[in-house]
Amino acid sequence: MIEKRVAIVTGGSRGIGAAIVQQLAADGLHVVAIARNLENLKEITDQANAAGGSAEAVVCDIADSAALAK
């Protein structure tokens, strides 16, 4: 059984984080992109998936410990 590598990218909805999401997905990893803005995050993960990658969006403010625990 081959296991797929998973990358977690915080701040994945814009800038460097978005570029990292795109590159890791293109490199064959499943990317869990985390950010506070679902609209921007969904756009980035949709682009990665449309290009043949594997990415999912998770909305979370990692500075909020209660939200992070969920």
Side-chain angles (χ1 to χ4, degrees):
M1 177 176 166
I2 297 175
E3 294 183 26
K4 189 166 197 159
R5 296 180 302 162
V6 176
I8 298 173
V9 179
T10 60
S13 66
R14 60 191 177 109
I16 294 171
I20 291 170
V21 169
Q22 299 292 345
Q23 187 61 56
L24 291 174
D27 288 345
L29 283 77
H30 175 72
V31 182
V32 179
I34 301 173
R36 294 178 292 184
N37 183 305
L38 178 59
E39 186 177 317
N40 292 349
L41 192 59
K42 188 78 173 118
E43 183 178 333
I44 297 302
T45 57
D46 286 349
Q47 289 172 1
N49 290 323
S54 175
E56 66 181 279
V58 175
V59 175
C60 181
D61 180 354
I62 65 168
D64 178 354
S65 60
L68 190 57
K70 288 181 184 181

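The structure presented is a predicted model; accordingly, all values stated were derived computationally and were not measured.
Using a 4.5 Å cut-off on side-chain heavy atoms (C-beta onward), Leu24 and Val9 make contact. Taking 4.5 Å as the limit, every side-chain heavy atom of Val6 sits out of range of all side-chain heavy atoms of Leu29.
Shown here are the side chain to side chain donor-acceptor pair (under 3.5 Å) partners of Asp27, two or more places apart in sequence or in another chain: Gln23. Residues that satisfy the side chain to side chain contact (heavy atoms under 4.5 Å, CB included) test with Glu43, not counting sequence neighbours, are Gln47. By the side chain to side chain donor-acceptor pair (under 3.5 Å) test, Asp61 pairs with no residue at all, sequence neighbours left out. Take Thr10 and apply the side chain to side chain donor-acceptor pair (under 3.5 Å) test, not counting sequence neighbours, and it matches no residue. Qualifying side chain to side chain contact (heavy atoms under 4.5 Å, CB included) partners for Ala18, counting only residues two or more places apart in sequence or in other chains: Ile44. Scanning for salt bridge (Lys or Arg N to Asp or Glu O under 4.0 Å) contacts around Asp46 gives Lys42, with sequence neighbours left out.
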Enumerate, atom names and distances included, each donor-acceptor pair closer than 3.5 Å involving a side-chain atom of residues 49-59, sequence neighbours excluded.
unit_1: Asn49; atom_1: OD1; unit_2: Ala55; atom_2: N; d: 2.7
unit_1: Asn49; atom_1: ND2; unit_2: Thr45; atom_2: O; d: 3.1
unit_1: Asn49; atom_1: ND2; unit_2: Ala55; atom_2: O; d: 3.0
unit_1: Ser54; atom_1: OG; unit_2: His30; atom_2: ND1; d: 2.5
unit_1: Glu56; atom_1: OE2; unit_2: His30; atom_2: NE2; d: 2.6

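The minimum heavy-atom distance between Gly12 and Ala35, with the atom names listed, is N-CB, 4.2 Å. Residue Asn37 comes nearest to Asn40 through the heavy atom pair OD1-N, 2.8 Å, listed as atom of the first residue, atom of the second, then distance.
Criterion: ILVMFWY side-chain heavy atoms under 4.5 Å apart, direct or through other members. Under it, Val21 and Leu41 are not part of a common hydrophobic cluster. Linking ILVMFWY residues whenever their side-chain heavy atoms come closer than 4.5 Å, directly or via other members, places Ile62 and Ile8 in the same cluster.
The structure places OG of Ser13 at 11.5 Å from CD1 of Ile34, a figure rounded to the nearest 0.5 Å.
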